[in-house]
Amino acid sequence: MESAENNARSLNFIETIIEEDLQNNKNNGKIHFRFPPEPNGYLHIGHAKSICLNFGLAEKYKGLCNLRFDDTNPAKEDVEYVDSIKEDIQWLGFQWNGEPLFTSNYFDQLYGWAMQLIKQGNAYVDEQPQEEISRQKGVPTRPGTESPYRNRPEEENLLLFEKMKNGEVADGAMVLRAKIDMSSPNMHMRDPIIYRVLHAEHHRTGNKWNIYPMYDFAHGQSDYIEGITHSLCTLEFEIHRPLYDWFLDQLAEAGRPRPRQIEFARLNLSYTVMSKRKLLEMVEKNLVSGWDDPRMPTISGLRRRGYTPESIRQFADRIGIAKRDNVIDVGLLEFSVREHLNKITPRVFGVLDPVKVIITNYPEDKVEMLELINNPEDETAGTRQVPFSRELYIERNDFMEDPPRKFFRLGPGREVRLKGAYFVKCEDYKKDENGNVTAIYCTYDPDTKSGSGSQRKVKGTLHWVSVQHAVNAEVRLYDRLFLDEDPAGHKDRDFKEFLNPDSLKILQNCKLEPSLKEIKHGDKFQFQRLGYFCVDKDSRSEYPIFNRTVPLRDSWKKM
RNA sequence: UGCCCGAUGGUGUAAUUGGCAACACGUCUGACUCUGAAUCAGAAGAGUCCAGGUUCGAACCCUGGUCGGGCAACCA
């Protein structure tokens with residue numbers, strides 16, 4: 001593929017750094033990444049970008065990539081999320097190095113390091129109330145003031161920290177702070193809190209701990225413990241980097257690989273929200289059916305919608321890696337699925353909004369089995385037999401009573417090809433009292449059978465399903481969840497105000513060709529002329545249910 | 001008002017490190033077509049945020065601005 005060639009030619013800024021490090025034999029040429037999700041929600045397409053980056057770089061440079069759950073806040077985390085995250089990463093086609101790891105594995109080490117900081121005079125226990133501490137922090141433009149406890153003796157710090165650990169201190173009553181610089185222009189360096197008291201049960205360590213480390217005190221050190229060489233994260237952590245480095249300066253030993261934090265811009269997708277908090281809110285308020293609702297930008301949602309891992313990885317590849325803020329057009333994601341599904345998906349006939357066609361000159365009880373190509377993009381996909389008979393369903397919008405000139409479909413007196421079958425010409429049609437077309441009467445031309453070499457040409461080709469052989473099905477059509485390009489970008493309006501009321505349409509009278517009787521959850525098809533569809537997990541054999549992954553490009557609807 | 005990032009067609013990402021802006025999506029033509037899909041051929045669209053400077057030569061270097069994003073959770 002040409003994009004791969006381009007990639008070989010030009011590196012993104014992270015690859016440039018890595019290749020420089022390799023050239024300088026930094027860390028003895030060791031390359032080790034990590035993907036560090038907090039298990040407090042499901043992964044979304046933004047995480048997919050990060051997963052593809054970290055695991056992809058590990059593949060490219062023959063390095064390793066750990067999976068490490070950043071589980072330092074038991075109040076928000078849950079094993080349900082741990083499991084879904086593992087599943088999503090593997091579904092995308094990546095495998096982490098060794099066992100999944102947890103920051104909580106390092107709680108003992110982190111505790112030890114905290115004591116070391118105290119002994120080095122780099123940390124102290126503060127027992128002021130939260131409000132006081134935050135007041136003393138000052139504001140970005142003005143320096144903060146030092147805590148009265150800042151210079152308490154080492155023994156006292158050790159003793160109090162011990163009490164915190166032993167559960168003798170109430171939540172919020174004391175914290176351990178790094179002693180850095182209350183007047184730093186970087187707020188994160190103003191004596192950041194590194195341990196807080198939290199009498200909460202942790203999903204892995206149970207009730208062992210009454211104190212938990214903060215992100216800043218845990219992340220860099222965990223990277224260091226695991227021998228991570230390149231610690232990739234999103235831009236909002238840029239300002240944390242001096243602190244990340246500061247802890248390592250205090251604690252790291254010479255001769256061991258020292259991780260370097262590198263920040264890149266997170267993914268933003270038009271017409272969607274991408275924060276776990278907002279996604280969680282939609283789940284909790286039942287605005288969607290769950291984390292895996294096919295309209296959700298979660299990996300599980302995209303999977304259920306019918307996206308393939310390949311298409312998501314291809315998408316991640318296309319959007320690139322840089323440091324500037326970006327908004328990627330959802331159209332690019334859709335392009336990526338279409339591209340892949342076009343190659344792998346069998347073509348079938350499905351009529352979503354059926355209207356009956358009666359071929360008046362075709363024998364009443366005759367049934368012909370016609371051979372149709374499964375996938376013109378894939379010769380190995382073979383053919384299948386599809387029954388043709390006197391009464392067929394076609395798509396309601398493939399017929400117009402008074403069609404414009406450029407309408408290459410059916411209308412009074414117009415002739416079209418029924419794909420894989422014959423030409424039919426509309427001779428008459430019937431309407432009910434409401435003006436709805438109820439039946440279209442056609443004649444067919446027996447000389448135009450597919451493959452017969454007939455020279456006559458016709459402009460349009462329609463898909464169809466034989467009435468007596470049709471399988472009834474439900475089809476769920478999805479549209480973008482939000483009507484606004486940037487639903488979360490409005491200062492005074494809640495993102496939920498922009499929800500698209502028509503993001504889900506359920507069609508329950510769809511007619512499918514009989515080969516679709518034998519299907520299983522997750523199977524993917526192209527419903528010819530309509531789009532790509534997959535079998536939903538709600539589907540039952542008596543009543544199949546399909547999700548429309550994405551419609552085909554349609555240059556007609558634009559006219 | 002402090003500090004940290006960033007700025008290249010409509011959207012993203014490049015430009016062999018100073019050699020006269022490329023690729024993808026999208027858009028528009030046309031060809032082909034038993035999917036108005038796919039495929040193929042072609043076109044339009046930025047002179048690189050602005051102003052100076054260095055240089056034979058600047059998207060890349062320097063200076064000063066402008067604009068956008070981020071930072072003041074016992075979240076990550």
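To find a chain, count down the sequence lines: A is the first, B the second, and so on, and within it residues start at 1. Quick caveat, the model's predicted, so the values are computed rather than measured.
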**Q.** Gap between atoms CG and P, on A/Leu53 and B/U13 respectively (whole Å)
**A.**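 Whole-Å distance recorded here is 13 Å.
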
Q. Between B/A14 atom P and A/Leu11 atom CG, what is the distance in whole Å?
A. 10 Å

Q) Between the side chains of A/Glu334 and A/Tyr307, does any donor sit under 3.5 Å from an acceptor? A)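 On atom types as modelled, these side chains do not qualify, holding no pair under 3.5 Å.
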
Q) How about A/Thr383 and A/Glu371: does a side-chain donor come under 3.5 Å of a side-chain acceptor? A)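 Yes.
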
Q. Which class fits the ring pair A/Phe495 and A/Phe482: parallel under 30°, tilted 30 to 60°, perpendicular over 60°?
A.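 Plane angle between 30° and 60°, so tilted.
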
What's [X] touching, base or sugar-phosphate or nothing? Going by heavy atoms closer than 4.0 Å.
X: A/Gln526; result: base
X: A/Arg142; result: nothing
X: A/Gly451; result: base

Q) Got a donor-acceptor pair under 3.5 Å from the side chain of A/Arg553 to the base of B/G36? A) no

Q: Would you please indicate yes or no on a ring centroid separation below 6.0 angstrom for A/His202 and A/Phe107?
A: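 Yes, ring centres under 6.0 Å apart.
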
Q.
Across nucleotides 69-76 of chain B, 5' to 3', mark each nucleotide with B, S or - according to how protein heavy atoms within less than 4.0 Å reach it.
A. SBSB-BSB

Q.
Can you tell me which nucleotide in B/G26, B/G36, B/U1 comes closest to the side chain of A/Phe335?
A.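 Shortest atom-to-atom distance from the side chain points to B/G26.
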
(Q) When you measure from the side-chain N and O atoms of A/Arg318 to the phosphate of B/C23, is any distance below 4.0 Å, counting only OP1 and OP2? (A)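 Checking A/Arg318 against B/C23: no side-chain N or O falls below 4.0 Å of OP1 or OP2.
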
Q) Knowing that exactly one of A/Phe247, A/Tyr224, A/Tyr106, A/Trp113 qualifies, which makes a ring-ring contact (aromatic ring centres under 6.0 Å, His included) with A/Phe217? A)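 Answer to the ring-ring contact (aromatic ring centres under 6.0 Å, His included) test with A/Phe217 among A/Phe247, A/Tyr224, A/Tyr106, A/Trp113: A/Phe247.
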
Q: Taking Watson-Crick and G-U wobble pairs with both distances under 3.5 Å, convert RNA chain B into its dot-bracket string, 5' to 3', dots for unpaired and | for cross-strand pairs.
A: .((((((..((((.....[..)))).(((((.......))))).....(((((..]....))))))))))).....

Q: Would you check if the side chain of A/Glu15 reaches a backbone N or O of A/Asn12 as a donor-acceptor pair within less than 3.5 Å?
A: yes

